[in-house]
Structure formats: C-alpha cells, structure tokens
Amino acid sequence: MTIHLGGTTIDCENPRALAEFWAAAMDYKISEDYGGEFVMLLPEGGTLGEVPYLGLQRVPEKRDGKNRAHLDFHTEDRLAEVERLVGLGASVLGEEKMPGLTWSVLADPEGNEFCVASTSG
C-alpha cells in the first residue's frame, strides 16, 4: 500500500480560535499554521507523517446540518472527560447507550459534533 492516513480536517470559520479548543481538548500543539487558513495540530513530540494530524481549515460557510463524519474518543471516565471538555467550551448534545457502550455527543465551539465513549458507562 502506498497511502496512509495523514490526518483529519474539520472545516471551520476561525481555524486559529478553534485550534485553541482542540489543542487543549486533545493535549496537542499547533504544528503548522498556514496564515490562519489551515492549522495543523499534532501530539507533543509527534512528527507529521508519523502520527495523524488534526487539521482545521477555513471555509466561508457556517456548518449546516449534521456532520457527515465526526471524531470519536474513548476514555475510562466519560463523565469526567465530558465535564472537562465542557469547561473548555464544548457543549453536550446528548447521550446514547447500547449494551457495553455509552457515549456522549458533544459539539466544539463552532458546533462540530464529536463523541466521547466508554465501555464502563
């Protein structure tokens, strides 16, 4: 195979402002900033090409409707993690449950949805 996942990019209105939220949420750092039009985040010590980045790309339109794709995170303490993320500026949209898995649906400060799940409830 000659390709690999480089990263995931979220379309947004203000990449630099949204980078602050996601860097704090994921304990990442800004790796590259292309004039505020495209910002790449990597984990501390991560190198582009070695680990997938999170990209934030400026687009002229606001998000409309449900995301077609979203980020999923896993944690052992879902409620504590959701509380931490809300403190950073996320908002809780709902909670879902199925046997063996519970997840919270959240939105970042620009309304992009993501989930935080736990197998322990």
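What's counted below: heavy atoms across the whole structure, side chains too, no hydrogens, waters or symmetry copies.
- Closest approach of P109 to G89, counting heavy atoms only: CG-O, 3.8 Å.
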Do E81 and R78 pass the salt bridge (Lys or Arg N to Asp or Glu O under 4.0 Å) test, and can you show the C-alpha distance, the side-chain angles, and the key distance before you say yes or no?
CA-CA 5 Å; E81 200 58 35; R78 181 181 55 83; over 6 Å; no
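- Contact of the F38 side chain with the E32 side chain is not registered, since no non-hydrogen atoms from C-beta on lie closer than 4.5 Å.
- Listed by chain and residue number, D77 satisfy the side chain to side chain contact (heavy atoms under 4.5 Å, CB included) test with L79 (two or more places apart in sequence, or in another chain).
- Scanning all heavy atoms of the two residues, the minimum distance from L101 to A117 falls at CD1-CB, 3.9 Å.
- To the nearest 0.5 angstrom, C12 atom SG is 8.0 Å from Q57 atom CD.
- What you find for Y53 and G6 is that their closest heavy atoms are CD2-O, 2.8 Å.
- In summary, of the residues considered (L106, L54, N112, V116), a side-chain contact (heavy atoms from CB on, under 4.5 Å) with L71 occurs for L54 alone.
- In this structure, S118 contributes its side chain and T75 its backbone to a donor-acceptor pair below 3.5 Å.
- By the 4.5 Å heavy-atom criterion applied to side chains, M26 and P43 are not counted as neighbours.
- Surrounding CD of E37 are more than 12 heavy atoms belonging to other residues, nucleotides or ligands, all under 6.0 Å away.
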May I have the step-by-step check of side-chain contact (heavy atoms from CB on, under 4.5 Å) for I30 and L41, ending in yes or no?
CA-CA 5 Å; I30 295 175; L41 303 173; 3.4 Å; yes
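- Of the possible donor and acceptor atoms, none in the side chain of E13 sits under 3.5 Å from a partner among the backbone N and O of E110.
- Linking Ile, Leu, Val, Met, Phe, Trp and Tyr whenever their side-chain heavy atoms come within less than 4.5 Å puts L93 and W103 in one cluster.
- Within the structure, side chain to side chain donor-acceptor pair (under 3.5 Å) pairs that include any residue of residues 17-30 comprise W22-D108 (at least two apart or interchain).
- No side-chain donor-acceptor contact under 3.5 Å links D72 and H74.
- Taken together through direct or relayed side-chain contacts under 4.5 Å among Ile, Leu, Val, Met, Phe, Trp and Tyr, V39 and V51 form parts of separate hydrophobic clusters.
- Scanning all heavy atoms of the two residues, the minimum distance from G36 to P15 falls at O-CG, 3.3 Å.
- Grouping the Ile, Leu, Val, Met, Phe, Trp and Tyr side chains by contacts below 4.5 angstrom, directly or via other members, places F21 apart from M40.
- Listed for the S120 side chain is a donor-acceptor partner under 3.5 Å among the backbone atoms of E76.
- L42 and L18 are members of different hydrophobic clusters when ILVMFWY side chains are connected at heavy-atom separations under 4.5 Å.
- Note: the hydrophobic cluster containing L88 also contains F73 (ILVMFWY, side chain heavy atoms under 4.5 Å, direct or indirect links).
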